[in-house]
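No hydrogens, no waters, no symmetry mates; every other heavy atom, side chains included, goes into these values.
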Amino acid sequence: MNNVLSVSQVNKYIKNLIEDDLILSDILLEAEVSNFKYHSNGNMYFTLKDNTAAINCVVFRQFASTISFDIYDGMNVLVYGRITLYEKSGQYQLCLEYIQPLGKGDLFNAFEKLKNKLANEGLFDAEHKKNIPKFPQKIAVITSDTGAAIHDIIKVSAKRNRLVQLILIPTLVQGKDAPKDIVRAIEKANKYKDFDVIILGRGGGSIEDLWAFNEEIVVRGIYNSKIPIVSAVGHETDYTLSDFVSDLRASTPSAAVEMIVPDLNIVRDDLHNTKIILKQKIFDSIYYYKKIIKCNYKNLTDKMKVNLENKKLCLQNKINLLNKISPTAVLKRGYSFVCDEQKNSLPFEKINVGQNVQINFYNGSLVAKIISKSE
Amino acid sequence: MARKKNFEDSLARIDQIIEQIEDADFNESLNLYEEGLKLINDCSNKIDSAQQKVMRLENDFSLKNFDEGDE
């Protein structure tokens, strides 16, 4: 009959079993680093793996502080340590006491090799990059329909621009079927045609989780797309071949939205300012034309005044001249002239004796009868 | 395709109007002002009334509403 044990008791038992084992406390291992994390508590955590298996590793603070080289994902290392059990979770881990770099691992080498091959083919050349429209309206989002990426994209897009229509084309983003599925989704978007731009990506994960975006068929799928593609895979520090071949690289799915979706809040403010400017401009224009009209009016009246003055002066001169040569002036000097009763002036030859004539002075006239005539 | 570019085109036209209005003759500037004001109001209304649309492209190329948490 077994005793009923607590979890702690079981873990404690296993811990003792493992840590007393001679082989498990004396492990020399060569493997590739993955998921490296340097925790704020000073410990390092990562996974060591080969093609089929992985083991969690921990480097405690005291030893971690003495390591003089960088440890990074894809690096091959030779390590020495012992297996311990973390009782809280019941997980075993390799606790390292020695680590030595051996260069880059298989995964990293494969990445570099493919990258160089595709670069030589010209797939990453700037001349193949398509322009991202400034004001995309229909955006295809190729990612998992359950992941963090679609959630972030919807959230950031809603905050910036509700005019944008997001159309999810769900796809696997990790696992062995993911590359084919991603290519199928890209082709689907291109068949549908009516997209301004595609965001292709997924949220953060281990280098293995992101690996689909390093696969050759995915890179070629992106290259062949007629619609511009923004690659948004993982976190800031993650680089995949998708990033190199795509038309724009965003560090995260949220960043992709921030890069390509204009913020309508800013557009709205701009429009408000533009309205003020437009009103100011029309007021300026009205003011300007008013001034011109005023100026023209003044010009016109001024010129008219001068013109009238001139005419007046001219008239006065004529009057003066006329006055000088007028018969009245002669009469005033004491002369008079003779005319008939119809006011026709009479030259001497036409005046006959016995005829009635009118003698005109400047201030009156006389009627007289001619008594005699002599030459 | 003309439909899709409406909003962007309007914004571009507004910029153009702002540039042209100063050099236009008086009648022309009044017309530009009226056109600009209408475009600005239309765009602002569009922004204020816009509703986010998230769809999902199905295998038969139809679009279905996509709500998170559906799956």
Do you know which of A:K191, A:K281, A:H272 has the most heavy-atom pairs under 4.5 Å to chain B? A:K281

Close side-chain approach of A:L271 to B:L11, heavy-atom, < 4.5 Å: yes

Side chain, backbone, both or neither: which part of B:I18 has a heavy atom under 4.5 Å from chain A? both

With a 4.5 angstrom heavy-atom cut-off, is it the side chain or the backbone of B:L39 that approaches chain A, or both, or neither? neither

Check whether any side-chain heavy atom of A:F135 lies under 4.5 Å from a side-chain heavy atom of A:V267, and answer yes or no. yes

In sequence, state the C-alpha distance, the side-chain angles, and the governing distance for A:K298 and A:D302, and then conclude on salt bridge (Lys or Arg N to Asp or Glu O under 4.0 Å). CA-CA 6 Å; A:K298 193 173 174 319; A:D302 285 358; 3.1 Å; yes

Ion pair B:D42/B:K46, N-O distance below 4.0 Å: no

Heavy-atom distance under 4.5 Å to chain B: side chain of A:R160, backbone, both or neither? neither

Chain B contact via A:I139 - which portion, at a heavy-atom distance below 4.5 Å: neither

Under 4.5 Å, counting heavy-atom pairs only, tell me which of B:Q51, B:K64, B:Q52 racks up the most with chain A. B:Q52

Where does the angle between the aromatic ring planes of A:Y192 and B:F61 fall among parallel (under 30°), tilted (30 to 60°) and perpendicular (over 60°)? parallel

If one checks every heavy atom of B:N59 against chain A at 4.5 Å, the contacting part turns out to be both

So which part of B:L37 gets closer than 4.5 Å to some heavy atom of chain A, the side chain, the backbone, both or neither? both

Check A:R184 with A:D181, please: is the shortest side-chain N to carboxylate O separation under 4.0 Å? yes

